Amino acid sequence: MKREKIIEVLKSNETGKTVLVKGWVRTKRGSKNINFIALNDGSTIHNLQIVVEVENFNDKLLRNITTGAALSVSGELTQSQGSGQNVELRAQEIELLGGADPDKYPIQPKRHTLEFLRENAHLRFRTNTFGAVFRIRHAMAFAIHKYFNEKGFYYMHTPIITASDAEGAGQMFRVSTLDPVNPPTTEEGEIDYTRDFFGKPANLTVSGQLEGELGAMALGEIYTFGPTFRAENSNTTRHLAEFWMIEPEMAFYDLTDNMDLAEDFLKSLIRYALDNCMDDLQFLANRLREEEKNKPQDQRSMELIEKLESVAGSDFVRCTYTEAIEILKRSKPYKKKKFQFPVDWGVDLQSEHERFLVEKHFKRPVILINYPKEIKAFYMKQNDDNKTVGAMDVLFPQIGEIIGGSQREEDYNKLVTRMKEMDIPVEEMWWYLDTRRFGSAPHSGFGLGFERFILFVTGMGNIRDVIPFPRTPKNAEF
RNA sequence: UCCCUAGUAGCUCAGUUGGUUAGAGCGGCGGACUGUUAAUCCGUAGGUCGUAGGUUCAAGUCCUACCUGGGGAGCCA
């Protein structure tokens, strides 16, 4: 007999037919004559109720059916007599595939804290919450490829090991095969990287953008979707040392085209989640509601599904950096000196400012554009005012910056001048600059932090709970 | 990296101004129960109080350092 997935069995109303399912026991309960097993196989958040007539099975088997055990069960699908489900499986044969010692198995049929489950990340997939999160994570990854494929973008694999630290986007992880205790040294006593694997210092990538631009300047529209590494000592609910990033890069797009794409992209993904992950979203929404019960009214966040609907349906605010500074200066918290950090044209916005704009002032996602060039990267398009660059940051409630992007500077001379001003090694970047020497054209792109986006969609509060095995300072377990 | 906070049973927590033998709920185990929904009821086992020092007649409780978790900030996606 062919095994059926529980999601299909639950959908089916063919009572009377014999089915075979396999999965893991969530709970077992019952009385002397009858037992009920909640079986889950990961195909859906819902469990299949297995009805066991105790007299038909031997004691030892039933004793070993404990929370966490893997079972193969065949039986007749019947209308449920209980009220929690429509159909249930009357067990005819049960095979214990693998037991789970109840004294040692850490996942109990009770509520666990996320912190505890994080320490048991290898088993947390077996909980409702993490099952839902990782099914949604998959759906979003799939929807990203689907979206770009339908728009004619090409998926480009940019390198994970790079030998240029030109972007200066924070600390990098060194990749080396040199003996860490006795590395070869030069006559000056410095480490001799010419004898390292790549013949020069190499690192894990902090962004695929620069290589992505090379692809876009031939293929037209590309995107990357891969792991990214930052060796920053950041201990927050929004940072990982290893995370996934989506970076589309488009030839012939100006900043407005770039914003249009970013907004449509985010809304489409959220729409996809609402259309395809409702069971899991519903569960997470309920969970969130329970959690927020104890919080005072004004600290509660918007109901999850309502929030997703609202973002998918509303137009994002578009606002220049200069306008944002003016709004902040006119704001109540500014006048009452509630902001911890100064607000002045030229300084970078702090999260308290971004949060005010998104959550209090506009109450919608905001795209901020045209930042002062001093606080943005060298490759951004220099505007005619000579003061700002064509940058865009998409700010989401609770999450903050979810997308950072820009139109890229396509003028060779302007770009080289800016690189020199910012001490970017021009010679090493010859390959990047070649796109501006040969057939240069306006182009744009942005980066979306995948886990930050998953935080938003699932309503989870900590980025470590939306990636299977989080890497953070002092933690690379599993 | 900085600030705040926590670490007591498998889990979630209580433990009074320092004072006998460290408690509860859940989970586990044993039993009861004719269909349960985090089942219910009765019983039972389970602890180097994060680690190392120190103060004291006496430390889970006070002090110091370190480790780990959580929250916030910076940096950023």
Side-chain angles (χ1 to χ4, degrees), chain A residues 26-38 46-55 63 66-68 78-85 88 90 100-120 127-128 167-171 205-209 227-247 262 290 339-341 348-352 354-355 375-377 393-396 399-405 446-456 461-467 472-475 477:
Chain A
R26 285 297 174 77
T27 60
K28 188 179 79 167
R29 52 181 174 262
S31 60
K32 191 162 64 179
N33 303 323
I34 192 160
N35 277 192
F36 301 93
I37 299 166
H46 301 298
N47 301 324
L48 177 64
Q49 174 153 285
I50 311 292
V51 183
V52 181
E53 309 260 12
V54 171
E55 58 176 4
R63 250 202 316 279
T66 55
T67 301
T78 59
Q79 202 70 39
S80 178
Q81 293 171 34
S83 57
Q85 55 283 315
E88 61 192 17
R90 282 195 160 272
D101 184 343
D103 262 345
K104 306 214 173 93
Y105 184 62
I107 312 295
Q108 300 160 1
K110 60 167 277 187
R111 208 181 165 77
H112 284 109
T113 58
L114 295 173
E115 291 80 19
F116 173 75
L117 292 170
R118 212 170 290 150
E119 284 164 18
N120 291 280
T127 64
N128 286 331
E167 224 202 324
Q171 291 285 104
T205 182
V206 292
S207 163
Q209 180 200 317
T228 310
F229 307 88
R230 304 271 167 98
E232 297 284 351
N233 190 8
S234 310
N235 293 287
T236 78
T237 53
R238 296 183 200 78
H239 288 84
L240 292 165
E242 177 184 290
F243 64 100
W244 290 67
M245 190 153 66
I246 299 101
E247 295 181 291
E290 284 294 312
F339 287 135
Q340 196 190 332
F341 291 90
D348 210 352
L349 297 179
Q350 302 293 325
S351 30
E352 59 179 356
E354 296 180 347
R355 207 167 298 147
I375 56 173
K376 287 292 180 183
D393 283 2
V394 181
L395 309 179
F396 263 33
I399 314 287
E401 183 182 340
I402 199 165
I403 277 182
F446 61 81
L448 168 71
F450 187 52
E451 283 78 14
R452 286 195 182 170
F453 180 68
I454 301 300
L455 273 182
F456 181 77
N462 192 318
I463 201 162
R464 291 160 201 165
D465 295 330
V466 296
I467 188 167
T472 51
K474 300 272 181 328
N475 180 17
E477 191 68 56

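Just so it is clear: chains get the letters A, B, ... in the order the sequence lines come, proteins before strands, and each one is counted from 1. No experiment lies behind these values; they were computed from the predicted model shown.
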Exercise for the section: To the nearest 0.5 Å, tell me how far A:Thr127 OG1 sits from A:Arg26 CZ. Expected result: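 Output value for this atom pair is 7.0 Å.
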Quick one: label [X] by what it contacts on the DNA or RNA (base, sugar-phosphate, nothing), any heavy atom closer than 4.0 Å.
X	result
A:Leu448	nothing
A:Lys474	sugar-phosphate
A:Thr113	sugar-phosphate
A:Phe446	nothing
A:Leu240	base
A:Asn462	sugar-phosphate
A:Arg464	sugar-phosphate
A:His112	sugar-phosphate

Completion exercise
Heavy-atom contacts, protein to nucleotides 29-43 of chain B, under 4.0 Å, summarised as B (base), S (sugar-phosphate only) or - (none) per nt, yield SS--BSBBB-B----
Has the side chain of [X] got a donor or acceptor that lies under 3.5 Å from a partner of the other kind on the base of [N]?
X	N	answer
A:Arg238	B:C75	no
A:Ser234	B:C76	no
A:Glu115	B:G70	no

Handout entry: Whole angstrom value for the distance that separates P of B:U12 from CZ of A:Arg118
Key =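 Taking atom P of B:U12 as the reference, CZ of A:Arg118 is at 12 Å.
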Exercise for the section: Figure out the CD/C1' separation between A:Gln350 and B:C75, and round it to whole Å. Expected result: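 That distance rounds to 10 Å.
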Handout entry: Consecutive-pair stems (at least three Watson-Crick or G-U pairs, under 3.5 Å) that include RNA chain B
Key =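 RNA chain B stems, ordered by first number: B:1-7 with B:67-73, B:10-13 with B:23-26, B:28-32 with B:40-44, B:50-54 with B:62-66.
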Problem - By ring-ring contact (aromatic ring centres under 6.0 Å, His included) - contacts of A:Phe453 (at least two apart) - result: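 ring-ring contact (aromatic ring centres under 6.0 Å, His included) list for A:Phe453, sorted by chain: empty.
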Go through [options] for me and flag the one nearest to the [X] side chain.
X	options	value
A:Arg230	B:A77, B:G72, B:U12	B:A77
A:Thr237	B:G72, B:A73, B:C76	B:G72
A:Phe116	B:U12, B:A77, B:G74	B:U12

Handout entry: Side-chain donor-acceptor pair present, A:Thr27, A:Arg29, cut-off under 3.5 Å
Key =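 On atom types as modelled, these side chains qualify, holding a pair under 3.5 Å.
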